[in-house]
Amino acid sequence: MTNLELAWALTEMGDLLELKGEEPFKVRAYHRAARALENLEEEAASLYARGALEEIPGVGKNLAKKIAELLTTGRSTFLENLRREIPPGLREMLAIPGLGCRSVRQIHQGLGITTLEELERAAREKRIRTLPGLGSKTELAILQGIEMLKEVREQVPLGIARPLALLFQDQLLNIPGVEKVAVAGSVRRGCEMVGDIDLVVAVRPGNQVAEVMGHCPQVKEVLAREPDRLSLRTVLGVKVEIIMVPPGEFAATVFYATGSKGHRKGLLRLALARGLKAADIGLITPRWLAEEEAVKGEAVPGLEKGEEIRENREIEAEPAGSIAGEAAFYHRLGLPYIVPELREDRGEIEAALKGELPRLITVEDIRGDLHMHSRYSDGVETIAATAAAARRRGYRYLAITDHSRSLVVARGLSVEQVKAQREEIARLNDELEDITILAGIEVDILADGSLDYEDEILKEFDLVIASVHTGFRQEEGQIMARLEAALRHPYVDILGHPTGRMLGRRRPYAVDVARIIELAAETGTILEINASPDRLDLNDTAVRLAKEYGVSIAINTDAHDPGRLADMEYGVLTARRGWLEPENVVNTWGLERLLARLKRNREKGGK
DNA sequence: GCCGTTTTCGGCCCGACTGTTTTCAGTCG
């Protein structure tokens with residue numbers, strides 16, 4: 001069992017205990033341990049093997065025993081008993097913003113409701129307001145919450161799907177009769193939410209794929225089993241589609257299964273316009289041929305029929321990240337290779353035709369992380385340990401940006417602590433040779449639009465990120481006034497997680513993203529791509545708009561644990577989906593150039 | 001349920017906002 005699956009099991013235990021009415025500190029112990037497991041760099045299974053489960057912070061005798069049972073049997077009697085006691089629908093209700101466990105219990109006991117469907121009906125029939133302490137606003141919140149949950153039903157964030165996809169890829173490669181495996185679909189394109197994991201497998205006859213995968217510990221049930229297709233559901237509830245093809249059809253099938261549908265159709269229309277058939281390009285699998293039929297007769301805007309194909313001699317044969325043979329399909333169409341992140345039918349084919357595809361940023365371009373938390377606020381590690389982790393990633397600089405004083409839950413820093421932290425950072429910078437720590441802060445944009453420290457304090461930092469953590473429910477006018485004040489502030493260098501959304505859990509606050517981008521361009525403020533796979537904020541389309549406006553971007557992990565510095569890859573994927581080049585991203589720059597770009601330093605020198 | 005250069009018991013992040021209310025409980029970050 002993977003750390004992620006263990007974390008999910010502990011989270012579920014915590015949620016069910018909370019619904020049961022257990023004391024809050026006990027509940028929190030489960031949730032804390034779950035988070036520790038998620039961030040753990042070593043697999044819990046190997047810790048268990050050397051009898052060291054209790055070394056995990058927040059795991060004592062009791063939890064170690066429960067984790068051990070999960071690791072050895074794949075099950076938990078404790079969890080199964082809880083599930084029998086508490087209907088699972090109640091846990092789903094906790095995901096509705098505004099509903100806590102007290103309200104859910106109230107609804108369950110008062111109306112006998114156990115599922116989201118029953119809850120929705122009761123809210124529509126205005127029965128929720130008959131319960132003491134609940135009224136019409138709560139009814140509205142329930143309906144809106146269910147609406148949000150429906151949008152992401154059957155979907156999981158990329159941060160869950162991608163590691164699982166890679167795990168399945170490894171397992172498939174070890175099965176007799178398997179020659180090649182590739183992750184395809186929305187995971188390969190780097191989409192923020194994933195409906196199902198698509199894997200393409202090149203197999204020889206008589207392979208064991210169906211038998212072995214059906215019994216793999218991550219698999220809960222087999223949804224469908226056909227000669228060339230296996231559909232599974234994992235214990236985390238994610239759907240996995242395994243497509244099995246002869247080795248000769250591998251590249252074309254991966255190409256097909258990567259999508260998106262719009263991109264595929266665009267390519268087929270282009271082929272038709274040039275008098276080519278799918279078969280001429282090498283796309284001879286049944287799926288491609290069926291799709292070709294579907295697009296016949298559709299016009300191709302901006303293309304002359306039979307226009308001659310220009311050969312592009314600069315094209316590399318096997319671009320990084322491509323499947324062997326995939327680039328050739330594009331080349332036969334006279335196009336350079338288009339990476340999966342761009343295959344969204346958002347103008348990439350036109351750009352490729354004109355030779356105007358961006359030279360996309362990669363993780364290797366990143367030279368530092370500008371948003372990280374330490375033990376001074378709600379991070380789990382010391383500044384020294386965080387810097388060491390950043391250095392191991394090959395970074396040249398990092399910014400420690402703890403929370404400001406009014407965010408008490410996160411132990412926001414008092415002015416005295418700010419000073420102490422700055423002194424510690426100065427000491428560390430004296431000792432460290434090949435990496436620089438910037439003394440930063442993530443300052444709260446307060447409900448009235450002011451910042452959480454006075455200007456005299458703010459101007460002393462090397463770098464200031466301003467973020468909204470309160471007043472999420474304000475109306476657009478109010479939210480925008482706060483954000484505008486922050487963007488216009490002379491000491492705000494970066495706007496952190498600009499929309500405040502949490503994927504599948506919380507909608508953005510009432511923000512006009514286009515206006516934010518306009519203001520960022522006007523004021524020279526850098527906008528963040530928060531790389532945490534729970535956020536990915538800004539998202540891909542907003543990022544692309546920002547690029548068009550010439551707004552600089554910082555890709556930051558917001559890591560509260562050095563283990564999460566690796567989330568950078570999700571931020572970079574989002575940046576790539578937003579067509580960003582290294583030049584657009586300030587943390588690909590050298591330190592001197594980065595510092596000179598900050599608003600605080602520009603204004604000093606009169607730009 | 002975890003944890004301990006104050007503690008093996010008694011702490012554990014706490015204050016603001018909001019909805020439902022006549023004085024506060026629940027929820028959130």
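Atoms considered below: every heavy atom in the structure, side chains included; atoms not considered: hydrogens, waters and symmetry mates. Given the structure is predicted, the values throughout are model-derived calculations rather than measurements. Here is how names work: the chains are called A, B, and so on, in the same order as the sequence lines, proteins then strands, and each is numbered from 1.
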Open item on the list: Could you check whether Asn530(A) and Ser532(A), counting side-chain N and O atoms only, form a donor-acceptor pair closer than 3.5 Å?
Closed with: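 There is no such pair between these side chains.
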
Open item on the list: Under a 3.5 Å cutoff, is there a donor and acceptor pairing between the side chains of Thr574(A) and Asp540(A)?
Closed with: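 Per modelled atom types, Thr574(A) and Asp540(A) side chains form no pair under 3.5 Å.
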
Open item on the list: Please compare Gly133(A) and Pro57(A) by the position of their nearest nucleotide in DNA chain B and report the one closer to 5'.
Closed with: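 The answer here is Pro57(A).
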
Task: Whichever of Ala410(A) and Leu407(A) has its nearest DNA chain B nucleotide further upstream toward 5' - done: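 Here Ala410(A) is the residue nearer the 5' end.
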
Please report the distance separating the [atom1] of [N] from the corresponding atom of [M], rounded so that it comes out in whole Å.
N       : M       : atom1 : result
dT20(B) : dT27(B) : P     : 12 Å
dT23(B) : dG29(B) : P     : 29 Å
dG26(B) : dT21(B) : P     : 13 Å
dC13(B) : dC3(B)  : P     : 13 Å
dT8(B)  : dG15(B) : C1'   : 32 Å
dT7(B)  : dG11(B) : C1'   : 9 Å

What contact category does [X] fall into here, base, sugar-phosphate, or nothing, at under 4.0 angstrom with non-hydrogen atoms?
X         : value
Thr138(A) : sugar-phosphate
Val409(A) : base
Lys65(A)  : nothing
Pro97(A)  : sugar-phosphate
Val59(A)  : sugar-phosphate
Arg28(A)  : base
Arg105(A) : nothing
Ser406(A) : nothing
Glu22(A)  : nothing

- [ ] Scan for ring-ring contact (aromatic ring centres under 6.0 Å, His included) pairs involving residues 446-483 of chain A, sequence neighbours excluded, and state none if there are none.
- [x]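 Of all non-adjacent pairs touching residues 446-483 of chain A, those that pass ring-ring contact (aromatic ring centres under 6.0 Å, His included) are His403(A)-His469(A), His469(A)-His497(A), Phe472(A)-Tyr509(A).
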
Task: Set of residues satisfying ring-ring contact (aromatic ring centres under 6.0 Å, His included) with respect to His31(A), sequence neighbours excluded - done: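 Listed in chain order: nothing, the list is empty.
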
Open item on the list: My understanding is that a pair needs two contacts under 3.5 Å, Watson-Crick or G-U wobble. By that rule, which nucleotide pairs with dC9(B)?
Closed with: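 Its partner is dG4(B).
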
- [ ] Could you list where the contact with chain A starts and ends along DNA chain B, reading 5' to 3', using a 4.0 Å heavy-atom cut-off?
- [x]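 The footprint of chain A covers dG1(B) to dG29(B).
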
TODO: Examine Lys459(A) relative to Tyr491(A) and say whether NZ or CZ is less than 6.0 Å from the centre of the six-membered ring and inside a 45° cone about the ring axis.
DONE: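 No, Lys459(A) does not lie over the aromatic ring of Tyr491(A).
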
List for me each residue that meets side-chain hydrogen bond (donor to acceptor under 3.5 Å, both in side chains) alongside [X], sequence neighbours excluded, and say none if there are none.
X         : answer
Glu192(A) : Arg501(A)
Lys150(A) : Glu120(A)
Thr386(A) : none

